[in-house]
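A short write-up of the structure that comes next.
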Amino acid sequence: MAVEKTNGDQFPTGMRVLAVDDDPTSLLVLETLLRRCEYHVTTTSQAVMALKMLRDNKNKFDLVICDVHMPDIGGFKLLELVGLEMDLPVILLSGNGDPKLVMKGITHGACDYLLKPVRIEELKNIWQHVVRRKKICPKDRNNSDNQDKPHHGGGEGAGTGNSDQNGKLNKRRKDQNEDEDEERDENENENEDQSSQKKPRVVWSVDLHQKFVAAVNHLGIDKAGPKEILDLMNVEKLTRENVASHLQA
DNA sequence: CGATGAATAT
DNA sequence: TATATTCATC
């Protein structure tokens, strides 16, 4: 009697995935989809918790999938730390397909960048990242590369960007410029800051806003201009344009 | 030439 | 969304 077993050696089944999303609904949806793929799913709504779990049992997960926007620590920070401390594939999620964000995610080491709403078809493929990561490391096999990208026929028109980090990417542009130094090099900054925000954006705290209002009132609503407001506020590092900008809001 | 406010970009 | 930056005008 031939008892056909459902592929006992199929790896993806039971793959341990850690899903992180601050939005409970999204998280639930994600969890459901992942479970349908027969993965072993663990969920958290906080990135810090995810980090803790990952640090606690370094070998208990095969892959991390997390949202980019999160209150405690940004998805990028989590991605960075995970990539640094442990060697796990990380998949990023976000609601908008802003190419800049996608680019940032990929260059920061994400294995993939999925857009919400995530389709189960996409999740069915993510195990490939785990396999690749594991196989590349042990041996340096320079055999034929597997670069097939199965497209499942759905019939929908919307396309999703997919990228893969393989080996090292290095791009350096050498440009001989004339005597004109106006070169700005993008600098990666690693900071234990709450989101990956390294540009001291002026934050209009309540206090600052009060000063602003006070200054405007002092001058008279219709007579107040950015320059005088700025002067009356006497706040260092605050530019007239900051005030002007705030004036619009 | 610089301040200003609106439009536009990130 | 909030704030920055650019732009046309005064």
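Heavy-atom basis, side chains included; hydrogens, waters and symmetry copies ignored. Just so it is clear, the structure is predicted and the values come from calculations on it, not from any experiment. Letters A, B, ... are given to chains in the order of the sequence lines, protein chains preceding strands, and every chain is numbered from 1.
The side chain to side chain contact (heavy atoms under 4.5 Å, CB included) search around A:H209 returns A:F212, A:V213, A:H246, not counting sequence neighbours.
Of all the residues in residues 217-249 of chain A, A:E241, A:N242, A:S245 reach under 4.0 Å from DNA chain C with at least one non-hydrogen atom.
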Side-chain donor/acceptor pairs under 3.5 Å, residues 238-245 of chain A, sequence neighbours excluded:
{"from": "A:T239", "atom 1": "OG1", "to": "A:E241", "atom 2": "N", "distance (Å)": "3.2"}
{"from": "A:T239", "atom 1": "OG1", "to": "A:N242", "atom 2": "N", "distance (Å)": "3.1"}
{"from": "A:T239", "atom 1": "OG1", "to": "A:N242", "atom 2": "OD1", "distance (Å)": "2.9"}
{"from": "A:N242", "atom 1": "OD1", "to": "A:T239", "atom 2": "N", "distance (Å)": "2.9"}

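Residue pairs that meet the salt bridge (Lys or Arg N to Asp or Glu O under 4.0 Å) test with at least one member in residues 219-234 of chain A, sequence neighbours left out, do not exist here. Sorted by first and then second residue, the pairs that involve residues 29-39 of chain A and meet salt bridge (Lys or Arg N to Asp or Glu O under 4.0 Å), not counting sequence neighbours, are A:E31-A:R35.
The CZ-P distance, from A:R201 to B:dT10, rounds to 12 Å in whole Å.
Nucleotides of DNA chain C lying under 4.0 Å from heavy atoms of chain A occupy a range whose first and last members, 5' to 3', are C:dA2 to C:dT6.
Checking each of A:N96, A:I106, A:L92 against A:L101 for a side-chain contact (heavy atoms from CB on, under 4.5 Å) leaves exactly one that passes, namely A:N96.
Between A:F61 and A:V17, every side-chain heavy-atom pair lies at or beyond the 4.5 Å cut-off.
Between atom CD of residue A:E122 and atom CG of residue A:L115 there is a gap of 8.5 Å, rounded to the nearest 0.5 Å.
A:K116 and A:D21 are joined by a salt bridge, as a carboxylate oxygen and a charged side-chain nitrogen come within less than 4.0 angstrom of each other.
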